[in-house]
J.: 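Mind having a look at this structure? Questions to follow.
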Amino acid sequence: PADVTASTPDYLRGLGAAWVWQGPAGIHPSASFMQGFTGGSGDAAGAPGDWDEYARTVAPHLHTSVPTTSAKCTFVVPPGGPSLEEVARRVAGHFTLIAGSVDSGVGTTGELIPVGVDKGVGLVRVAEALGVPLADTVALGDSDNDLEMLRVAGVGVAMGGAAPHVRAAANLVTAPLEEDGLAKAFATLGLV
């Protein structure tokens, strides 16, 4: 709900966290979140290093306001901050907290998603909308936010380098992304 989405940044700010809300209407980062991609300038157009292409790509979709709806909120709590379990207790009933899919290297990363929503639910809904049997779906993933999708897909494929519990949830493990894991998975499954 909009009131919960509106109050969550105050809680995250109090933790010293950086965050980004992502949804169909745009991307709503805290200033401190974008500074991680821009070398401190806050201007996505001037991003240095490995993230410059990402920052330029998302720049037209960035908003400084708090969204009224969102698919998820990714946040980074600095070292010495509360555990993900503590944050999960604070947001219980409104959000499900899962371990973050991107390691920030400067704190603990988590993702908040609305209760009852995950990639598995999304896969089921898309398959239904397209009239595709769930048994004919393929899902590829590498992190905790992919677990439900890997479990409900007709074939769940874990990328090489995924954590052991993510690989265990999949029917097939392919090579890492950097070693053409996606192409190799498609070839193994006879999709190309």
J.: Do you know the tightest heavy-atom contact between Leu84 and Thr109?
T.: CD1-O, 3.8 Å
J.: Quick one: which residue pairs count as a side chain to side chain donor-acceptor pair (under 3.5 Å) with a foot in residues 150-169, not counting sequence neighbours?
T.: Asp144-His165, Glu148-Arg151
J.: Under 4.5 Å between any side-chain heavy atoms of Asp146 and Lys119, yes or no?
T.: yes
J.: For a 4.5 angstrom cut-off between non-hydrogen side-chain atoms, does Phe95 reach Thr8?
T.: yes
J.: Between Leu134 and Thr137, which heavy-atom pair has the shortest distance, and what is it?
T.: O-OG1, 2.7 Å
J.: Would you say Thr174 and Met159 make side-chain contact, with heavy atoms under 4.5 Å?
T.: yes
J.: Going hydrophobic residue to hydrophobic residue with side-chain gaps under 4.5 angstrom, can you get from Phe33 over to Leu62?
T.: yes
J.: Drop me the distance from Asn145's CG to Met149's CE, to the nearest 0.5 angstrom.
T.: 7.5 Å
J.: For Leu147 and Ala169, work out which heavy atoms get closest and say how close.
T.: CD2-CB, 3.7 Å
J.: Any chance you could measure Asp118, atom CG, to Ile98, atom CD1, to the nearest 0.5 Å?
T.: 8.0 Å
J.: Looking only at heavy atoms, which two atoms of Ala153 and Ala139 are closest? And how far apart?
T.: CB-CB, 3.6 Å
J.: Taking only distance into account, with no hydrogens and no angle test, what donor-acceptor pairs under 3.5 Å do side-chain atoms of residues 18-26 form with protein atoms, sequence neighbours excluded?
T.:
unit_1, atom_1, unit_2, atom_2, d
Gln22, OE1, Thr74, OG1, 3.4

J.: Could you list the donor-acceptor pairs under 3.5 angstrom formed by side chains in residues 177-192, with sequence neighbours left out?
T.:
unit_1, atom_1, unit_2, atom_2, d
Lys184, NZ, Glu179, O, 3.0
Thr188, OG1, Lys184, O, 2.9

J.: Of all residues at least two apart in sequence or in a different chain, which pass the side chain to side chain donor-acceptor pair (under 3.5 Å) check with Arg89?
T.: none
J.: Using modelled atom types only, decide if a donor and an acceptor are shared between the side chain of Ser70 and the backbone of Lys72 within a distance under 3.5 Å.
T.: yes
J.: Considering all heavy atoms of both residues, which atom of Gly141 and which atom of Val166 are nearest to each other, and what is their separation?
T.: O-CG1, 4.5 Å
J.: Can you give the donor-acceptor pairs under 3.5 Å from side chains of residues 120-127 to other protein atoms, not counting sequence neighbours?
T.:
none

J.: Would Leu172 and Leu140 show up in the same hydrophobic cluster when neighbours are defined by side-chain heavy atoms closer than 4.5 Å?
T.: yes
J.: Are Val76 and Thr108 packed together at the side-chain level, in the sense that at least one heavy-atom pair is separated by less than 4.5 angstrom?
T.: no
J.: Taking a hydrophobic cluster as the set of Ile, Leu, Val, Met, Phe, Trp and Tyr residues connected by side-chain heavy atoms closer than 4.5 Å, whether directly or through intermediates, do Phe75 and Tyr11 fall within one such cluster?
T.: yes
J.: Please check if the side chain of His63 supplies one atom and the backbone of His28 the other of a donor-acceptor pair under 3.5 Å.
T.: no
J.: Determine whether a donor-acceptor pair (N or O, by modelled atom type, separation under 3.5 Å) exists between the side chain of Asp142 and the backbone of Ala162.
T.: no
J.: What residues, two or more places apart in sequence or in another chain, satisfy side chain to side chain donor-acceptor pair (under 3.5 Å) together with Thr96?
T.: none
J.: Provide the closest heavy-atom pair for Val66 versus Pro9 in the form atom of the first, atom of the second, distance.
T.: CG2-CG, 4.0 Å
J.: Heavy-atom distance under 4.5 Å between the side chains of Leu12 and Cys73, does that happen here?
T.: yes
J.: Any side-chain heavy atom of Leu15 within less than 4.5 Å of one from Val87?
T.: yes
J.: Within this structure, what is the CD1-NE2 distance for the pair Ile27 and His61, rounded to the nearest 0.5 Å?
T.: 6.5 Å
